[in-house]
Protein chains: 2
Amino acid sequence: MRRGRSAEGRAEVRRDLVTAAVDLFTDKGYDETTVDDIAAAAGVGRRTFFRYFAGKEDAVSPDHDLGLARIAAVFAEAHPTEPLSSVVLRAAETVFDLYLTDVQTARKRFALVHRVPALRDREAAMVHRYRRLFTRELSARLADVPDGDLRAAVTGAAVVAAHNQALRRWLADGATAEGARECVTHFRKVSGMLPLDAPLGLEDVTRRLERAARNLERLSS
Amino acid sequence: MRRGRSAEGRAEVRRDLVTAAVDLFTDKGYDETTVDDIAAAAGVGRRTFFRYFAGKEDAVSPDHDLGLARIAAVFAEAHPTEPLSSVVLRAAETVFDLYLTDVQTARKRFALVHRVPALRDREAAMVHRYRRLFTRELSARLADVPDGDLRAAVTGAAVVAAHNQALRRWLADGATAEGARECVTHFRKVSGMLPLDAPLGLEDVTRRLERAARNLERLSS
DNA sequence: AGGTTAACGGCACTGCGTGCCATCTCACAA
DNA sequence: TTGTGAGATGGCACGCAGTGCCGTTAACCT
(Lines give C-alpha, C1' and ligand atoms only; values in the text may rest on other atoms or scores of the structure.)
Protein backbone atom coordinates (compact mmCIF):
# COMPACT_ATOMS: atom_id res chain seq x y z
CA MET A 1 0.00 0.00 0.00
CA ARG A 2 1.06 3.53 -0.49
CA ARG A 3 0.49 4.64 3.11
CA GLY A 4 2.01 3.16 6.20
CA ARG A 5 1.24 4.28 9.71
CA SER A 6 1.62 7.96 8.99
CA ALA A 7 -0.81 10.08 10.99
CA GLU A 8 -0.81 12.66 8.21
CA GLY A 9 -1.86 9.98 5.76
CA ARG A 10 -4.80 9.04 7.93
CA ALA A 11 -6.00 12.62 8.22
CA GLU A 12 -5.64 13.06 4.48
CA VAL A 13 -7.69 9.97 3.69
CA ARG A 14 -10.29 11.13 6.15
CA ARG A 15 -10.59 14.53 4.49
CA ASP A 16 -10.81 12.93 1.05
CA LEU A 17 -13.62 10.68 2.23
CA VAL A 18 -15.55 13.57 3.76
CA THR A 19 -15.30 15.78 0.68
CA ALA A 20 -16.15 12.89 -1.61
CA ALA A 21 -19.20 12.02 0.48
CA VAL A 22 -20.45 15.61 0.70
CA ASP A 23 -19.99 16.19 -3.02
CA LEU A 24 -21.66 12.94 -4.02
CA PHE A 25 -24.55 13.43 -1.60
CA THR A 26 -25.09 16.93 -2.92
CA ASP A 27 -24.73 15.89 -6.55
CA LYS A 28 -26.68 12.67 -6.98
CA GLY A 29 -28.55 12.44 -3.69
CA TYR A 30 -27.99 10.59 -0.43
CA ASP A 31 -29.96 7.42 -1.14
CA GLU A 32 -28.57 7.19 -4.67
CA THR A 33 -24.98 7.29 -3.39
CA THR A 34 -23.51 4.01 -2.17
CA VAL A 35 -20.53 3.61 0.10
CA ASP A 36 -18.73 2.07 -2.85
CA ASP A 37 -19.16 5.34 -4.73
CA ILE A 38 -17.68 7.36 -1.87
CA ALA A 39 -14.75 5.02 -1.40
CA ALA A 40 -14.04 4.90 -5.12
CA ALA A 41 -14.18 8.70 -5.39
CA ALA A 42 -11.71 8.96 -2.51
CA GLY A 43 -9.44 6.35 -4.06
CA VAL A 44 -9.73 3.77 -1.28
CA GLY A 45 -11.50 0.48 -0.83
CA ARG A 46 -14.98 0.09 0.51
CA ARG A 47 -13.72 -1.68 3.61
CA THR A 48 -11.47 1.25 4.44
CA PHE A 49 -14.43 3.63 4.56
CA PHE A 50 -15.87 1.75 7.51
CA ARG A 51 -12.53 1.96 9.28
CA TYR A 52 -12.84 5.77 9.32
CA PHE A 53 -16.60 6.13 9.86
CA ALA A 54 -19.04 3.94 11.71
CA GLY A 55 -21.69 4.41 9.05
CA LYS A 56 -22.69 6.15 5.88
CA GLU A 57 -24.30 9.00 7.84
CA ASP A 58 -21.11 9.83 9.75
CA ALA A 59 -19.19 10.90 6.65
CA VAL A 60 -20.84 14.34 6.98
CA SER A 61 -20.03 16.41 10.08
CA PRO A 62 -17.21 14.37 11.59
CA ASP A 63 -16.22 17.06 14.11
CA HIS A 64 -18.78 16.46 16.80
CA ASP A 65 -16.44 14.56 19.05
CA LEU A 66 -14.12 17.55 19.04
CA GLY A 67 -17.00 19.84 20.01
CA LEU A 68 -17.98 17.59 22.88
CA ALA A 69 -14.38 17.43 24.06
CA ARG A 70 -14.08 21.23 24.01
CA ILE A 71 -17.22 21.65 26.09
CA ALA A 72 -16.05 19.09 28.61
CA ALA A 73 -12.67 20.84 28.80
CA VAL A 74 -14.27 24.22 29.55
CA PHE A 75 -16.29 22.70 32.37
CA ALA A 76 -13.31 20.82 33.73
CA GLU A 77 -10.96 23.81 33.73
CA ALA A 78 -13.44 26.46 34.89
CA HIS A 79 -12.67 28.22 38.14
CA PRO A 80 -15.05 27.11 40.90
CA THR A 81 -16.13 30.66 41.65
CA GLU A 82 -17.02 31.54 38.07
CA PRO A 83 -20.79 31.94 37.71
CA LEU A 84 -22.42 29.00 36.00
CA SER A 85 -24.02 31.15 33.34
CA SER A 86 -20.56 32.35 32.34
CA VAL A 87 -19.14 28.83 32.15
CA VAL A 88 -22.10 27.66 30.11
CA LEU A 89 -21.78 30.53 27.66
CA ARG A 90 -18.05 30.00 27.21
CA ALA A 91 -18.51 26.26 26.70
CA ALA A 92 -21.13 26.74 24.01
CA GLU A 93 -19.15 29.41 22.22
CA THR A 94 -16.16 27.12 21.75
CA VAL A 95 -18.33 25.06 19.42
CA PHE A 96 -19.07 28.02 17.16
CA ASP A 97 -15.53 27.98 15.80
CA LEU A 98 -16.15 24.52 14.34
CA TYR A 99 -18.70 26.06 11.98
CA LEU A 100 -17.69 29.69 11.57
CA THR A 101 -14.33 28.90 9.94
CA ASP A 102 -15.15 26.80 6.87
CA VAL A 103 -18.07 28.83 5.63
CA GLN A 104 -18.54 27.00 2.34
CA THR A 105 -18.37 23.61 4.02
CA ALA A 106 -20.80 24.74 6.69
CA ARG A 107 -23.33 25.85 4.07
CA LYS A 108 -23.07 22.59 2.13
CA ARG A 109 -23.41 20.51 5.27
CA PHE A 110 -26.35 22.58 6.48
CA ALA A 111 -28.23 22.15 3.20
CA LEU A 112 -27.52 18.43 3.18
CA VAL A 113 -28.42 17.76 6.79
CA HIS A 114 -31.71 19.59 6.55
CA ARG A 115 -32.75 17.93 3.28
CA VAL A 116 -31.95 14.28 3.95
CA PRO A 117 -34.08 12.68 6.70
CA ALA A 118 -31.38 10.19 7.68
CA LEU A 119 -28.87 13.00 8.21
CA ARG A 120 -31.47 15.06 10.09
CA ASP A 121 -32.00 12.22 12.54
CA ARG A 122 -28.27 11.76 12.89
CA GLU A 123 -27.89 15.46 13.65
CA ALA A 124 -30.69 15.23 16.20
CA ALA A 125 -28.86 12.41 17.93
CA MET A 126 -25.73 14.57 18.04
CA VAL A 127 -27.60 17.55 19.46
CA HIS A 128 -28.96 15.15 22.04
CA ARG A 129 -25.43 14.30 23.11
CA TYR A 130 -24.52 17.98 23.44
CA ARG A 131 -27.61 18.58 25.53
CA ARG A 132 -26.86 15.58 27.71
CA LEU A 133 -23.31 16.75 28.35
CA PHE A 134 -24.46 20.22 29.38
CA THR A 135 -27.22 18.80 31.55
CA ARG A 136 -24.88 16.36 33.29
CA GLU A 137 -22.26 19.01 34.08
CA LEU A 138 -24.91 21.45 35.28
CA SER A 139 -26.69 18.84 37.36
CA ALA A 140 -23.51 18.11 39.28
CA ARG A 141 -23.05 21.83 39.98
CA LEU A 142 -26.68 22.43 40.99
CA ALA A 143 -26.90 19.50 43.37
CA ASP A 144 -27.73 21.63 46.41
CA VAL A 145 -30.10 24.01 44.69
CA PRO A 146 -33.87 23.44 44.83
CA ASP A 147 -35.00 21.58 41.69
CA GLY A 148 -31.40 21.47 40.55
CA ASP A 149 -31.96 18.63 38.11
CA LEU A 150 -34.87 20.43 36.51
CA ARG A 151 -32.88 23.64 36.21
CA ALA A 152 -29.97 21.71 34.75
CA ALA A 153 -32.18 20.02 32.15
CA VAL A 154 -33.87 23.28 31.17
CA THR A 155 -30.62 25.22 31.05
CA GLY A 156 -28.81 22.60 29.00
CA ALA A 157 -31.64 22.39 26.51
CA ALA A 158 -31.94 26.17 26.33
CA VAL A 159 -28.24 26.72 25.68
CA VAL A 160 -28.06 24.10 22.95
CA ALA A 161 -31.25 25.39 21.36
CA ALA A 162 -30.01 28.98 21.40
CA HIS A 163 -26.71 27.87 19.92
CA ASN A 164 -28.43 26.10 17.05
CA GLN A 165 -30.86 28.95 16.53
CA ALA A 166 -28.05 31.48 16.27
CA LEU A 167 -26.16 29.24 13.88
CA ARG A 168 -29.26 28.68 11.78
CA ARG A 169 -29.98 32.40 11.60
CA TRP A 170 -26.39 33.15 10.61
CA LEU A 171 -26.55 30.59 7.80
CA ALA A 172 -29.92 31.88 6.62
CA ASP A 173 -28.53 35.45 6.53
CA GLY A 174 -25.80 34.50 4.07
CA ALA A 175 -23.13 33.20 6.47
CA THR A 176 -20.88 36.23 6.08
CA ALA A 177 -17.67 36.70 7.99
CA GLU A 178 -18.85 39.89 9.70
CA GLY A 179 -22.10 38.12 10.61
CA ALA A 180 -20.12 35.73 12.75
CA ARG A 181 -19.65 38.30 15.52
CA GLU A 182 -23.35 39.13 15.49
CA CYS A 183 -24.11 35.43 15.62
CA VAL A 184 -22.24 35.10 18.90
CA THR A 185 -23.82 38.31 20.21
CA HIS A 186 -27.24 36.98 19.36
CA PHE A 187 -26.50 33.72 21.12
CA ARG A 188 -25.39 35.51 24.28
CA LYS A 189 -28.89 36.86 24.77
CA VAL A 190 -29.78 33.43 26.08
CA SER A 191 -27.95 34.27 29.29
CA GLY A 192 -30.96 36.31 30.36
CA MET A 193 -33.29 33.34 29.81
CA LEU A 194 -31.57 30.74 31.99
CA PRO A 195 -33.08 29.64 35.32
CA LEU A 196 -29.76 29.57 37.10
CA ASP A 197 -29.53 32.30 39.74
CA ALA A 198 -32.94 33.91 39.56
CA PRO A 199 -35.20 32.78 42.41
CA LEU A 200 -32.81 31.68 45.11
CA GLY A 201 -33.46 32.09 48.79
CA LEU A 202 -30.86 33.21 51.33
CA GLU A 203 -30.04 29.69 52.51
CA ASP A 204 -29.50 28.64 48.89
CA VAL A 205 -26.99 31.41 48.37
CA THR A 206 -25.03 30.46 51.47
CA ARG A 207 -25.08 26.81 50.39
CA ARG A 208 -23.68 27.76 47.01
CA LEU A 209 -20.99 29.92 48.60
CA GLU A 210 -19.99 27.06 50.87
CA ARG A 211 -19.89 24.72 47.92
CA ALA A 212 -17.71 27.13 45.95
CA ALA A 213 -15.36 27.39 48.92
CA ARG A 214 -15.11 23.60 49.12
CA ASN A 215 -14.38 23.37 45.40
CA LEU A 216 -11.75 26.07 45.70
CA GLU A 217 -10.10 24.26 48.58
CA ARG A 218 -10.16 20.94 46.74
CA LEU A 219 -8.67 22.56 43.65
CA SER A 220 -5.80 24.24 45.47
CA SER A 221 -4.70 21.06 47.24
CA MET B 1 -56.04 -14.92 4.87
CA ARG B 2 -57.77 -14.74 8.15
CA ARG B 3 -58.13 -10.93 8.23
CA GLY B 4 -59.77 -8.76 5.66
CA ARG B 5 -59.98 -4.99 5.84
CA SER B 6 -61.08 -4.96 9.47
CA ALA B 7 -59.67 -2.00 11.34
CA GLU B 8 -59.79 -3.98 14.55
CA GLY B 9 -57.68 -6.69 12.96
CA ARG B 10 -55.05 -4.15 11.97
CA ALA B 11 -54.82 -2.72 15.47
CA GLU B 12 -54.58 -6.22 16.89
CA VAL B 13 -51.73 -7.21 14.59
CA ARG B 14 -49.99 -3.97 15.47
CA ARG B 15 -50.23 -4.64 19.20
CA ASP B 16 -48.99 -8.19 18.72
CA LEU B 17 -45.98 -6.93 16.79
CA VAL B 18 -45.14 -4.31 19.44
CA THR B 19 -45.36 -6.74 22.33
CA ALA B 20 -43.38 -9.37 20.44
CA ALA B 21 -40.68 -6.84 19.59
CA VAL B 22 -40.41 -5.47 23.14
CA ASP B 23 -40.29 -8.94 24.66
CA LEU B 24 -37.72 -10.23 22.20
CA PHE B 25 -35.55 -7.12 22.52
CA THR B 26 -35.66 -7.39 26.30
CA ASP B 27 -35.06 -11.14 26.27
CA LYS B 28 -32.33 -11.84 23.75
CA GLY B 29 -31.13 -8.32 22.93
CA TYR B 30 -31.82 -5.84 20.16
CA ASP B 31 -29.04 -6.76 17.76
CA GLU B 32 -29.62 -10.46 18.28
CA THR B 33 -33.29 -10.15 17.34
CA THR B 34 -34.12 -10.18 13.64
CA VAL B 35 -37.28 -8.87 12.07
CA ASP B 36 -38.04 -12.45 11.11
CA ASP B 37 -38.09 -13.34 14.81
CA ILE B 38 -40.53 -10.54 15.61
CA ALA B 39 -42.83 -11.38 12.73
CA ALA B 40 -42.76 -15.08 13.54
CA ALA B 41 -43.49 -14.39 17.23
CA ALA B 42 -46.47 -12.26 16.19
CA GLY B 43 -47.69 -14.90 13.76
CA VAL B 44 -47.32 -12.84 10.59
CA GLY B 45 -44.91 -12.76 7.68
CA ARG B 46 -41.76 -10.71 7.57
CA ARG B 47 -43.14 -8.53 4.79
CA THR B 48 -46.14 -7.62 6.91
CA PHE B 49 -43.93 -6.19 9.66
CA PHE B 50 -42.67 -3.51 7.29
CA ARG B 51 -46.26 -2.63 6.37
CA TYR B 52 -46.86 -1.63 10.00
CA PHE B 53 -43.49 -0.09 10.88
CA ALA B 54 -40.98 1.76 8.76
CA GLY B 55 -38.07 0.01 10.44
CA LYS B 56 -36.96 -2.28 13.20
CA GLU B 57 -36.51 0.64 15.60
CA ASP B 58 -40.10 1.84 15.24
CA ALA B 59 -41.57 -1.33 16.77
CA VAL B 60 -40.94 0.21 20.21
CA SER B 61 -42.79 3.42 21.12
CA PRO B 62 -45.24 3.64 18.21
CA ASP B 63 -47.35 6.40 19.81
CA HIS B 64 -45.26 9.43 18.95
CA ASP B 65 -47.42 10.49 16.05
CA LEU B 66 -50.38 10.60 18.42
CA GLY B 67 -48.44 12.79 20.84
CA LEU B 68 -47.46 15.21 18.09
CA ALA B 69 -51.06 15.36 16.90
CA ARG B 70 -52.30 16.14 20.41
CA ILE B 71 -49.82 18.99 20.82
CA ALA B 72 -50.76 20.44 17.45
CA ALA B 73 -54.44 20.19 18.39
CA VAL B 74 -53.92 22.10 21.65
CA PHE B 75 -52.15 24.89 19.80
CA ALA B 76 -54.78 24.98 17.05
CA GLU B 77 -57.76 25.08 19.41
CA ALA B 78 -56.31 27.45 22.01
CA HIS B 79 -58.10 30.73 22.54
CA PRO B 80 -56.08 33.64 21.15
CA THR B 81 -56.09 35.47 24.46
CA GLU B 82 -54.81 32.55 26.51
CA PRO B 83 -51.28 33.22 27.75
CA LEU B 84 -48.63 31.36 25.81
CA SER B 85 -47.16 29.76 28.92
CA SER B 86 -50.55 28.24 29.68
CA VAL B 87 -50.96 26.86 26.15
CA VAL B 88 -47.48 25.40 26.21
CA LEU B 89 -48.05 23.72 29.56
CA ARG B 90 -51.37 22.25 28.47
CA ALA B 91 -49.88 20.98 25.21
CA ALA B 92 -47.01 19.24 26.93
CA GLU B 93 -49.22 17.68 29.59
CA THR B 94 -51.38 15.95 27.00
CA VAL B 95 -48.35 13.81 26.15
CA PHE B 96 -47.96 12.58 29.73
CA ASP B 97 -51.05 10.40 29.40
CA LEU B 98 -49.30 8.35 26.70
CA TYR B 99 -46.82 7.16 29.31
CA LEU B 100 -48.62 7.39 32.64
CA THR B 101 -51.30 4.83 31.73
CA ASP B 102 -49.40 1.66 30.82
CA VAL B 103 -46.90 1.68 33.66
CA GLN B 104 -45.41 -1.72 32.96
CA THR B 105 -45.01 -0.99 29.27
CA ALA B 106 -43.50 2.40 30.04
CA ARG B 107 -40.90 0.84 32.31
CA LYS B 108 -39.96 -1.83 29.78
CA ARG B 109 -39.70 0.73 26.97
CA PHE B 110 -37.64 3.07 29.12
CA ALA B 111 -35.14 0.36 30.02
CA LEU B 112 -34.88 -0.70 26.40
CA VAL B 113 -34.54 2.76 24.92
CA HIS B 114 -31.82 3.78 27.33
CA ARG B 115 -29.83 0.58 26.89
CA VAL B 116 -29.81 0.12 23.12
CA PRO B 117 -27.89 2.86 21.21
CA ALA B 118 -30.02 2.53 18.10
CA LEU B 119 -33.19 3.06 20.12
CA ARG B 120 -31.61 5.98 21.99
CA ASP B 121 -30.85 7.74 18.73
CA ARG B 122 -34.35 7.02 17.50
CA GLU B 123 -35.78 8.52 20.69
CA ALA B 124 -33.55 11.57 20.27
CA ALA B 125 -34.90 12.07 16.76
CA MET B 126 -38.43 11.89 18.16
CA VAL B 127 -37.67 14.40 20.90
CA HIS B 128 -36.25 16.60 18.17
CA ARG B 129 -39.61 16.51 16.37
CA TYR B 130 -41.47 17.46 19.55
CA ARG B 131 -39.09 20.36 20.09
CA ARG B 132 -39.45 21.51 16.49
CA LEU B 133 -43.23 21.47 16.74
CA PHE B 134 -43.23 23.56 19.92
CA THR B 135 -40.67 25.97 18.48
CA ARG B 136 -42.60 26.42 15.25
CA GLU B 137 -45.89 27.12 17.00
CA LEU B 138 -44.23 29.50 19.44
CA SER B 139 -42.28 31.29 16.74
CA ALA B 140 -45.48 32.12 14.87
CA ARG B 141 -46.98 33.55 18.06
CA LEU B 142 -43.88 35.55 19.04
CA ALA B 143 -43.38 37.13 15.63
CA ASP B 144 -43.71 40.71 16.89
CA VAL B 145 -41.74 40.26 20.09
CA PRO B 146 -38.04 41.20 20.27
CA ASP B 147 -35.92 38.10 19.63
CA GLY B 148 -39.10 36.10 19.17
CA ASP B 149 -37.35 33.27 17.33
CA LEU B 150 -34.75 32.92 20.05
CA ARG B 151 -37.40 32.91 22.77
CA ALA B 152 -39.40 30.35 20.80
CA ALA B 153 -36.37 28.07 20.40
CA VAL B 154 -35.41 28.35 24.06
CA THR B 155 -38.98 27.88 25.30
CA GLY B 156 -39.63 24.86 23.09
CA ALA B 157 -36.42 23.20 24.14
CA ALA B 158 -37.05 24.01 27.81
CA VAL B 159 -40.57 22.59 27.80
CA VAL B 160 -39.56 19.36 26.11
CA ALA B 161 -36.55 18.98 28.39
CA ALA B 162 -38.65 19.56 31.50
CA HIS B 163 -41.21 17.06 30.25
CA ASN B 164 -38.59 14.39 29.75
CA GLN B 165 -36.89 15.19 33.04
CA ALA B 166 -40.16 14.84 34.94
CA LEU B 167 -40.93 11.58 33.18
CA ARG B 168 -37.45 10.25 33.86
CA ARG B 169 -37.67 11.18 37.53
CA TRP B 170 -41.05 9.50 37.82
CA LEU B 171 -39.72 6.29 36.26
CA ALA B 172 -36.63 6.35 38.46
CA ASP B 173 -38.81 6.74 41.56
CA GLY B 174 -40.70 3.53 40.85
CA ALA B 175 -43.35 4.80 38.45
CA THR B 176 -46.17 4.53 40.95
CA ALA B 177 -49.72 5.62 40.20
CA GLU B 178 -49.73 8.27 42.93
CA GLY B 179 -46.40 9.54 41.65
CA ALA B 180 -48.08 10.53 38.39
CA ARG B 181 -49.69 13.61 39.93
CA GLU B 182 -46.42 14.71 41.43
CA CYS B 183 -44.76 14.15 38.06
CA VAL B 184 -47.07 16.68 36.45
CA THR B 185 -46.65 19.05 39.38
CA HIS B 186 -42.89 18.83 39.06
CA PHE B 187 -43.11 19.52 35.33
CA ARG B 188 -45.25 22.64 35.90
CA LYS B 189 -42.35 24.30 37.69
CA VAL B 190 -40.89 24.94 34.26
CA SER B 191 -43.46 27.69 33.77
CA GLY B 192 -41.32 29.94 35.94
CA MET B 193 -38.27 29.31 33.79
CA LEU B 194 -39.65 30.31 30.38
CA PRO B 195 -38.57 33.56 28.68
CA LEU B 196 -42.03 34.38 27.45
CA ASP B 197 -43.44 37.44 29.17
CA ALA B 198 -40.58 38.57 31.41
CA PRO B 199 -38.72 41.54 29.91
CA LEU B 200 -41.25 43.19 27.65
CA GLY B 201 -41.47 46.92 27.08
CA LEU B 202 -44.69 48.91 26.87
CA GLU B 203 -44.79 48.97 23.07
CA ASP B 204 -44.34 45.19 23.02
CA VAL B 205 -47.33 44.72 25.27
CA THR B 206 -49.50 46.92 23.09
CA ARG B 207 -48.33 45.03 20.00
CA ARG B 208 -49.25 41.75 21.58
CA LEU B 209 -52.66 43.07 22.60
CA GLU B 210 -53.29 44.25 19.06
CA ARG B 211 -52.20 40.90 17.72
CA ALA B 212 -54.51 39.08 20.12
CA ALA B 213 -57.37 41.33 19.01
CA ARG B 214 -56.65 40.54 15.36
CA ASN B 215 -56.58 36.82 16.06
CA LEU B 216 -59.81 37.04 17.98
CA GLU B 217 -61.47 38.91 15.11
CA ARG B 218 -60.17 36.42 12.56
CA LEU B 219 -61.40 33.53 14.67
CA SER B 220 -64.91 34.88 15.11
CA SER B 221 -65.42 35.53 11.38
C1' DA C 1 -72.83 -15.30 -7.53
C1' DG C 2 -69.51 -12.33 -9.40
C1' DG C 3 -66.59 -8.35 -9.00
C1' DT C 4 -63.87 -5.18 -6.18
C1' DT C 5 -60.73 -3.98 -2.64
C1' DA C 6 -57.38 -4.48 0.75
C1' DA C 7 -54.32 -7.03 3.36
C1' DC C 8 -51.05 -10.81 3.40
C1' DG C 9 -46.98 -13.84 2.26
C1' DG C 10 -43.29 -15.20 -0.54
C1' DC C 11 -39.54 -14.15 -3.48
C1' DA C 12 -35.74 -11.72 -5.15
C1' DC C 13 -32.81 -7.82 -5.10
C1' DT C 14 -29.84 -3.87 -3.45
C1' DG C 15 -26.97 -2.14 -0.05
C1' DC C 16 -25.18 -1.48 4.74
C1' DG C 17 -22.18 -3.11 8.21
C1' DT C 18 -18.83 -6.66 9.90
C1' DG C 19 -15.54 -10.54 10.51
C1' DC C 20 -11.69 -12.68 8.55
C1' DC C 21 -7.41 -12.92 6.26
C1' DA C 22 -3.72 -12.04 2.98
C1' DT C 23 -0.81 -8.26 1.55
C1' DC C 24 1.88 -4.22 1.76
C1' DT C 25 4.58 -0.42 3.88
C1' DC C 26 6.99 1.80 7.34
C1' DA C 27 9.80 1.81 11.54
C1' DC C 28 13.11 -0.19 14.21
C1' DA C 29 16.55 -3.33 15.54
C1' DA C 30 20.24 -6.81 14.83
C1' DT D 1 21.57 -4.77 4.72
C1' DT D 2 18.25 -7.78 6.26
C1' DG D 3 14.79 -9.39 9.33
C1' DT D 4 10.75 -8.55 12.10
C1' DG D 5 6.68 -6.66 14.11
C1' DA D 6 2.95 -3.38 13.87
C1' DG D 7 -0.32 -0.66 11.53
C1' DA D 8 -3.04 0.15 7.42
C1' DT D 9 -5.27 -1.62 3.51
C1' DG D 10 -8.32 -4.31 0.22
C1' DG D 11 -10.87 -8.20 -1.06
C1' DC D 12 -14.07 -11.74 0.07
C1' DA D 13 -18.08 -13.52 2.14
C1' DC D 14 -21.86 -13.40 5.26
C1' DG D 15 -26.11 -11.82 7.81
C1' DC D 16 -29.64 -8.81 7.85
C1' DA D 17 -32.50 -4.49 6.89
C1' DG D 18 -35.54 -2.56 3.76
C1' DT D 19 -38.15 -2.55 -0.83
C1' DG D 20 -40.48 -3.74 -5.16
C1' DC D 21 -43.27 -7.07 -7.32
C1' DC D 22 -46.82 -10.38 -7.74
C1' DG D 23 -49.94 -14.12 -6.82
C1' DT D 24 -53.31 -15.38 -3.27
C1' DT D 25 -56.96 -14.91 -0.05
C1' DA D 26 -60.59 -12.99 2.70
C1' DA D 27 -64.05 -9.54 3.46
C1' DC D 28 -67.33 -6.21 1.42
C1' DC D 29 -70.64 -4.57 -2.19
C1' DT D 30 -74.19 -4.92 -5.68
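So that the names make sense, note that chain A is the first sequence line, chain B the second, and so on, each numbered from 1. The analysis underlying the following values was restricted to heavy atoms, covering all of them including side chains, and did not include hydrogens, waters or symmetry mates.
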Listed partners of Phe96(B) passing ring pair (Phe, Tyr, Trp, His ring centres under 6.0 Å), at least two apart: His163(B), Phe187(B)
Near-strand residues of residues 52-60 of chain A, defined as heavy-atom separation under 4.0 angstrom from DNA chain C: Ala54(A), Gly55(A), Lys56(A)
Interatomic distance, Leu17(B) atom CG to Glu12(B) atom CD [nearest 0.5 angstrom]: 11.0 Å
Phosphate OP1/OP2 of dG9(C): any Thr48(B) side-chain N/O under 4.0 Å: yes
Arg47(A): side-chain hydrogen bond (donor to acceptor under 3.5 Å, both in side chains) partners, not counting sequence neighbours: none
Lys/Arg cation over aromatic Phe25(B): Lys108(B), 6.0 Å, 45° cone: no
Sorted by number, the residues of residues 19-31 of chain B with heavy-atom contact under 4.0 Å to DNA chain D: none
Candidate nucleotides dC16(C), dA8(D), dG18(D), ranked by approach to the side chain of Val35(A) - the nearest: dC16(C)
Rounded distance in Å - CZ (Phe50(A)) to C1' (dT9(D)): 15 Å
Report all interatomic pairs (protein N or O, nucleotide N or O of nucleotides 10-13 of chain C) with separations under 3.5 Å.
none

Those residues that, when tested against Asp97(B), pass salt bridge (Lys or Arg N to Asp or Glu O under 4.0 Å) (two or more places apart): none
Interatomic distance where CG belongs to Asp36(B) and P belongs to dG15(D) [whole Å]: 13 Å
Interatomic distance where CD1 belongs to Ile38(A) and P belongs to dG17(C) [whole Å]: 10 Å
Of the listed nucleotides dT9(D), dC8(C), dG10(D), the one nearest the side chain of Arg10(A): dT9(D)
Test item: side-chain donor near acceptor, Thr26(B) and Asp23(B), under 3.5 Å: no
Value in whole Å for how far the C1' atom of dG17(C) lies from CZ of Arg122(A): 14 Å
